[in-house]
K.L.:
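My questions all concern the structure below.
Note that the coordinates shown come from a computational prediction; the quantities given were computed from them, not determined experimentally. One-based numbering, in listed order, for ligands and for the atoms of each. What you see below is based on every heavy atom in this structure, not just the backbone, and it leaves out hydrogens, waters and symmetry mates.
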Amino acid sequence: MTKLSVNINKIATLRNSRGGNNPDVVKAAIDAQEFGADGVTVHPRPDERHIRYADVRAIKPVITTEFNIEGNPRERSFVDLVLDVRPHQVTLVPDELGQLTSDHGWDTRRHHDYLRDIIGVFKKAGIRVSIFVDPAIDMVEGAADTGTDRIELYTEAYARGYASDREAAVAPYRAAAKRAAELGLGINAGHDLDLQNLAFLKQHLPQLDEVSIGHALIADALYLGFENTIQLYKRQLA
Ligand SMILES: CC(=O)[C@@H](O)[C@H](O)COP(=O)(O)O
Ligand SMILES: NCC(=O)COP(=O)(O)O
């Protein structure tokens with residue numbers, strides 16, 4: 001079964017746009033789980049453009065499924081937050097300050113020693129580690145050498161190519177997932193997944209443990225309702 005972790009970054013974006021606490025991200029986390037999400041994902045960035053560090057601490061006590069915190073461990077404050085909150089999973093993403101959004105995976109060869117060491121810190125704390133990688137065999141093999149529990153395949157290229165040639169778009173992901181499974185890595189996927197492209201990815205990646213979806217899901221929920229939308233996304237994974 002492939003789990004759906006709902007990323008609620010963009011609910012925090014709406015809240016922050018006016019100040020105050022509407023919409024309430026803690027309520028959103030509670031409701032997402034009640035509506036069928038298998039997990040909640042947040043990505044607290046150093047500029048706190050959406051999810052704030054305080055939100056992460058407030059959400060942890062209401063988690064009844066799985067909590068996944070994404071971020072760049074080069075930020076010491078991020079490492080301290082994760083070790084203090086102790087989510088089920090931390091997903092390490094190599095985002096630089098000022099990026100509009102996540103747009104690349106780790107170079108697992110070039111940063112092998114750094115990743116191996118920081119992954120060891122989180123694993124020693126009993127936190128499952130996933131690292132964000134592009135669908136490249138060499139990067140997947142490099143990830144296995146770091147001791148990570150899982151990889152998260154960065155699916156923006158798949159989403160971009162899906163409409164014009166979905167077979168070509170999914171091919172690198174199918175190969176990367178096959179190699180990851182051979183190496184004993186868990187397989188997550190995320191970024192720009194939506195109601196149009198999710199089922200085809202799942203069909204071609206039978207090993208997929210979890211998808212984390214935020215932007216498109218929250219946008220869909222504006223028209224279709226939060227509960228209905230979560231159910232629609234879950235149906236794509238059945
Ligand atoms: C790592 C990834 O691809 C996304 O989870 C990321 O969290 C999106 O960040 P924004 O919501 O800030 O675009
Ligand atoms: N790791 C991907 C994620 O959490 C959400 O990405 P997106 O659906 O907002 O593009």
Side-chain angles (χ1 to χ4, degrees), residues 2-17 23 25 28-29 32 37-53 55-56 59 65-75 78 81-82 87-106 128-135 139 143 148 150-162 173 186-199 201-202 205 208-222 226 229-230 232-234 236-237:
T2 302
K3 294 187 174 183
L4 170 66
S5 187
V6 173
N7 181 314
I8 59 173
N9 290 352
K10 298 303 161 28
I11 293 182
T13 298
L14 182 58
R15 176 201 58 192
N16 294 358
S17 68
V25 295
D38 304 300
V40 174
T41 290
V42 293
H43 190 153
R45 294 179 179 274
D47 62 11
E48 295 195 316
R49 65 185 70 168
H50 40 54
I51 289 287
R52 298 170 178 144
Y53 279 33
D55 294 327
V56 179
I59 290 166
T65 55
E66 279 213 345
F67 196 24
N68 175 41
I69 304 177
E70 299 181 332
N72 189 331
R74 291 192 189 280
E75 296 292 330
F78 175 80
L81 174 73
V82 173
H88 298 84
Q89 176 176 268
V90 61
T91 299
L92 307 184
V93 186
D95 286 359
E96 304 302 332
L97 296 176
Q99 274 179 223
L100 174 64
T101 186
S102 306
D103 60 17
H104 63 283
W106 288 98
R128 183 174 71 225
V129 180
S130 178
I131 64 173
F132 201 57
V133 298
D134 297 308
M139 293 298 104
T148 189
R150 296 191 184 179
I151 58 169
E152 176 174 340
L153 291 171
Y154 168 43
T155 47
E156 194 269 340
Y158 165 72
R160 185 166 20 85
Y162 177 80
Y173 293 85
I187 302 163
N188 296 346
H191 204 94
D192 285 341
L193 295 176
D194 63 25
L195 281 176
Q196 286 67 47
N197 63 37
L198 180 56
L201 183 77
K202 162 67 179 169
L205 270 59
L208 198 54
D209 292 299
E210 175 185 290
V211 291
S212 43
I213 305 177
H215 193 91
L217 189 151
I218 301 303
D220 289 336
L222 295 175
F226 198 26
T229 298
I230 289 175
L232 287 170
Y233 274 81
K234 289 271 288 187
Q236 307 306 307
L237 297 170

K.L.:
Please could you name the atoms of ligand 1 that His43 approaches to less than 4.0 Å, counting only its heavy atoms?
P.N.:
6 (C), 7 (O)
K.L.:
Excluding sequence neighbours, so at least two apart, what forms salt bridge (Lys or Arg N to Asp or Glu O under 4.0 Å) with Asp192?
P.N.:
none
K.L.:
Considering Pro94, Gly214, Gly71, Ser102, which one's heavy-atom position lies nearest to atom 2 (C) of ligand 1?
P.N.:
Ser102
K.L.:
Side chains of Phe226 and Leu217, heavy atoms from C-beta outward: is any pair under 4.5 Å?
P.N.:
yes
K.L.:
Using side chain to side chain contact (heavy atoms under 4.5 Å, CB included) as the criterion, list what pairs up with Leu195, not counting sequence neighbours.
P.N.:
Asp220, Leu224, Leu232, Tyr233, Gln236
K.L.:
So that I can tick it off, tell me whether Asp209 and Arg128 are bridged by a salt bridge, with the cut-off set at under 4.0 angstrom between side-chain N and carboxylate O.
P.N.:
no
K.L.:
Would you call Asp47 and Arg45 a salt bridge, using N to O less than 4.0 angstrom?
P.N.:
no
K.L.:
So, using side chain to side chain contact (heavy atoms under 4.5 Å, CB included) as the criterion, who are the partners of Asp134 when residues are at least two apart?
P.N.:
Tyr154
K.L.:
Heavy atoms only, cut-off 4.0 Å: how does Lys10 contact ligand 1, side chain, backbone, both, or neither?
P.N.:
side chain
K.L.:
Specify side chain, backbone, both or neither for Phe132, according to which of its non-hydrogen atoms lie closer than 4.0 Å to ligand 1.
P.N.:
side chain
K.L.:
If hydrogens are left out, which of Gln99, His50, Glu70 has an atom nearest to atom 12 (O) of ligand 1, that is, the closest non-hydrogen atom?
P.N.:
His50
K.L.:
For ligand 1, which atoms sit closer than 4.0 Å to a heavy atom of His191?
P.N.:
2 (C), 3 (O), 4 (C)
K.L.:
Which N or O atoms of ligand 2 sit under 3.5 Å from a protein N or O, and how far apart is each pair?
P.N.:
unit_1	atom_1	unit_2	atom_2	d
ligand 2	1 (N)	Glu70	OE2	2.6
ligand 2	1 (N)	Glu152	OE2	2.5
ligand 2	1 (N)	Ser212	OG	2.9
ligand 2	4 (O)	Asn7	ND2	2.8
ligand 2	4 (O)	Glu70	OE2	3.3
ligand 2	4 (O)	Ser212	OG	3.4
ligand 2	8 (O)	Gly214	N	2.8
ligand 2	8 (O)	His215	N	3.4
ligand 2	9 (O)	His215	N	2.8
ligand 2	10 (O)	Asp192	N	2.8

K.L.:
Mark up the atoms of ligand 1 that fall under 4.0 Å of a heavy atom belonging to Thr101, in ascending order.
P.N.:
8 (C), 9 (O), 10 (P), 13 (O)
K.L.:
Heavy-atom distances under 4.0 Å decide this one: backbone, side chain, both or neither, for Asp95 against ligand 1?
P.N.:
neither
K.L.:
Do Thr41 and Glu70 pass the side-chain contact (heavy atoms from CB on, under 4.5 Å) test, and can you show the C-alpha distance, the side-chain angles, and the key distance before you say yes or no?
P.N.:
CA-CA 7 Å; Thr41 290; Glu70 299 181 332; 3.6 Å; yes
